[in-house]
Amino acid sequence: MRTTSPLSRFIVSLACVAVVLLWGCAAATFVSPARWPWTGVLTLGFPFFVAAVVITGVLVLLLARRFWYVPVVGLAACGVSLRTYFPINISHKVPADAIKVLSYNTHGFGDKATDEEGRNIVAEYIRTSGADIVCTQENSYGPGAAFDSLMNAICEPPMRWDTVYINGNTYGLFTRYPVLSKRKIYDEGYNGVAEFRLLLAPKDTLIVVNCHLQSMMLSQEDRDSYHDLVLAPTENTEATSRRLFSKISQAASIRAEQVEILANYLDSLRGRNIILCGDFNDTPVSYTHRRIVSSGLNDAFTRSGNGLGRSFNRDAIVVRIDNILHSDHWKPYGATVDNSIDASDHYPIFTYLVRCSAP
């Protein structure tokens with residue numbers, strides 16, 4: 001009978017702890033932070049717990065090989081969460097009849113940054129994107145001549161634009177399809193959900209949902225502290241961690257309440273033709289993402305994208321928080337977070353969709 005050395009037992013114990021934390025993180029997506037705010041912080045640790053399982057797994061293979069199943073089973077049991085967070089898909093040629101959908105948190109159209117010819121950088125990107133439907137958030141423009149001029153500069157026939165204004169946050173839509181109606185689903189401060197109904201063809205209506213959910217409530221000082229906490233821990237680590245934990249858990253609780261409103265609205269539309277775009281301000285492995293997907297929608301990036309798809313491009317926050325979801329009426333191709341433009345603090349995300357269900 002083979003004995004196990006103290007070092008081997010220690011390594012296996014570490015691997016077991018890492019696996020339990022990973023499983024706990026995945027399970028936390030089923031618990032609303034409105035009830036247990038700390039779960040909103042726990043899910044943020046998913047990539048770190050994955051890394052911990054992988055590292056301890058390598059050590060197990062080197063020093064305690066007969067326990068190889070611990071990290072393997074640990075990762076396999078979280079297969080759905082792993083695919084959601086870091087999908088790997090085979091690329092396929094985009095069919096000719098696909099439409100291109102783009103979602104972009106513009107951060108005030110890049111704080112009104114312009115190119116050498118005096119054109120707004122973000123507006124020019126949207127104009128030349130070739131997208132058939134564009135949803136924008138955080139345009140930070142109120143109604144007025146300057147905003148109308150900017151919108152008109154983007155739209156070349158047959159494109160047209162429309163907006164829903166929610167407390168200083170303009171939810172924009174650019175599309176080549178006629179807009180039948182628009183309305184505000186709900187608002188809470190700067191956040192909210194807007195609905196646009198488009199006529200794709202006679203008797204064929206598409207519901208486009210444009211949303212922006214509660215941010216992490218982190219100031220630039222907080223973000224700098226998070227950067228230091230991740231990359232260069234200092235003696236103030238404990239105080240910093242407590243402050244960030246408090247803010248993030250509070251934001252997660254508020255966001256969870258917003259998500260319930262959005263998800264209940266989506267539940268009422270089950271079976272309808274829907275495309276949802278927006279800034280969730282939460283990770284792919286979170287209560288926010290899981291609850292919205294559970295309303296009958298599919299994540300275009302999970303199904304056709306590859307890698308992390310980092311969409312927030314500031315500080316040490318490497319995560320996909322911008323999303324395009326769709327009903328079963330569509331099949332996605334080539335979902336991409338486009339890091340070729342960094343005028344905003346978000347990268348735009350786009351996908352190609354092909355109709356796979358008759359109107």
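Positions are given from 1 along the sequence. Note that this is a predicted model, so its numbers are computed, not measured.
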Heavy-atom pair of closest approach, residues [X] and [Y]:
X    : Y    : answer
A26  : F30  : O-CD1, 4.0 Å
C211 : V193 : CB-CG2, 3.7 Å
V12  : A64  : CG2-CB, 3.7 Å
V19  : P71  : CG2-CA, 4.4 Å
P284 : T84  : O-CG2, 3.4 Å
A131 : L102 : CB-CB, 4.0 Å

Would [X] and [Y] count as having a side-chain donor-acceptor pair, cut-off 3.5 Å?
X    : Y    : result
S294 : R291 : yes
N167 : D187 : yes
D328 : N298 : yes
S149 : N152 : no
S8   : S5   : yes
N89  : S304 : no
N139 : T170 : no
E195 : Y265 : yes
D338 : S340 : yes

Could you tell me if R310 sits above the aromatic ring of Y347, with its cationic atom closer than 6.0 Å to the ring centre and no more than 45 degrees from the axis?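 Output no; distance or angle outside limits.
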
Do [X] and [Y] touch side chain to side chain, with heavy atoms closer than 4.5 Å?
X    : Y    : answer
L266 : I292 : yes
I207 : N273 : no
T336 : T351 : no
I99  : Y177 : yes
R160 : R176 : no
N210 : V164 : no
L180 : T205 : yes
I133 : L173 : yes

Using the side-chain contact (heavy atoms from CB on, under 4.5 Å) definition, which of the options I185, L262, I275 pairs with V209?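 So, applying the side-chain contact (heavy atoms from CB on, under 4.5 Å) to V209 and each of I185, L262, I275, only L262 qualifies.
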
Check I121, T114, N120 against F109 for a side-chain contact (heavy atoms from CB on, under 4.5 Å) and give me the one that passes.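 Single side-chain contact (heavy atoms from CB on, under 4.5 Å) partner of F109 among I121, T114, N120: N120.
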
So, taking the atom named [atom1] in [X] and the one named [atom2] in [Y], what distance separates them when rounded to the nearest 0.5 Å?
X    : Y    : atom1 : atom2 : value
I341 : I126 : CD1   : CD1   : 8.0 Å
W23  : L75  : CH2   : CG    : 10.0 Å
Q137 : H346 : CD    : NE2   : 8.5 Å
D279 : T136 : CG    : OG1   : 12.0 Å
F174 : D162 : CZ    : CG    : 10.0 Å
F67  : L59  : CZ    : CG    : 14.5 Å

Would you call the rings of Y352 and F350 parallel, tilted or perpendicular if under 30° counts as parallel and over 60° as perpendicular?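 The arrangement is perpendicular - the two ring planes meet at more than 60°.
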
Where does the angle between the aromatic ring planes of Y85 and F46 fall among parallel (under 30°), tilted (30 to 60°) and perpendicular (over 60°)?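 Ring orientation of Y85 relative to F46: tilted.
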
Closer than 3.5 angstrom, by distance alone: can the side chain of [X] be matched with the main-chain N or O of [Y] as a donor-acceptor pair?
X    : Y    : result
N105 : E138 : no
Q258 : Q214 : yes
S249 : F245 : yes
T163 : Y165 : no
W161 : C155 : no
S253 : Q250 : no
N264 : E260 : yes
K100 : S129 : yes
R197 : L206 : no
S311 : I321 : yes

Over 12 foreign heavy atoms within 6.0 Å of OH, Y190: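 More than 12 heavy atoms, drawn from other residues, nucleotides or ligands, come within 6.0 Å of this atom.
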
Report, as yes or no, whether the 6.0 Å neighbourhood of atom CZ on R270 holds more than 12 heavy atoms from other residues, nucleotides or ligands.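 Atom CZ in R270 is packed in, count exceeds 12.
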
Apply side-chain contact (heavy atoms from CB on, under 4.5 Å) to residues Y171 and I166 and explain how you reach the verdict. CA-CA 7 Å; Y171 294 69; I166 298 178; 3.5 Å; yes

Given the rule that I, L, V, M, F, W and Y join up when any side-chain heavy atoms are under 4.5 Å apart, are [X] and [Y] in one cluster?
X    : Y    : value
V134 : V94  : yes
V293 : V80  : no
F10  : V17  : yes
I55  : V53  : no
I154 : Y125 : yes

Worked check of side-chain contact (heavy atoms from CB on, under 4.5 Å) between F280 and L325: CA-CA 11 Å; F280 290 2; L325 279 62; 4.2 Å; yes

Side chain to side chain donor-acceptor pair (under 3.5 Å) for H329 and S327? Distances and angles first, verdict last. CA-CA 5 Å; H329 297 74; S327 60; 2.8 Å; yes

Take V208 and C135 through the test side-chain contact (heavy atoms from CB on, under 4.5 Å) and record every step on the way to the result. CA-CA 9 Å; V208 176; C135 287; 3.5 Å; yes

I'd like to know whether M216 forms a side-chain contact (heavy atoms from CB on, under 4.5 Å) with R255, so could you lay out the CA-CA distance, the side-chain angles of the two residues, the decisive distance to 0.1 Å, and finally the verdict. CA-CA 9 Å; M216 292 292 183; R255 190 184 310 112; 3.5 Å; yes

Test side-chain hydrogen bond (donor to acceptor under 3.5 Å, both in side chains) applied to H289 and D299, D282, T302, the passing residue: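 With H289 as partner, D299, D282, T302 yield a single side-chain hydrogen bond (donor to acceptor under 3.5 Å, both in side chains), made by D299.
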
Evaluate the criterion side chain to side chain donor-acceptor pair (under 3.5 Å) for residue pair S295 and D267; output intermediate values, then yes/no. CA-CA 5 Å; S295 298; D267 285 336; 3.3 Å; yes

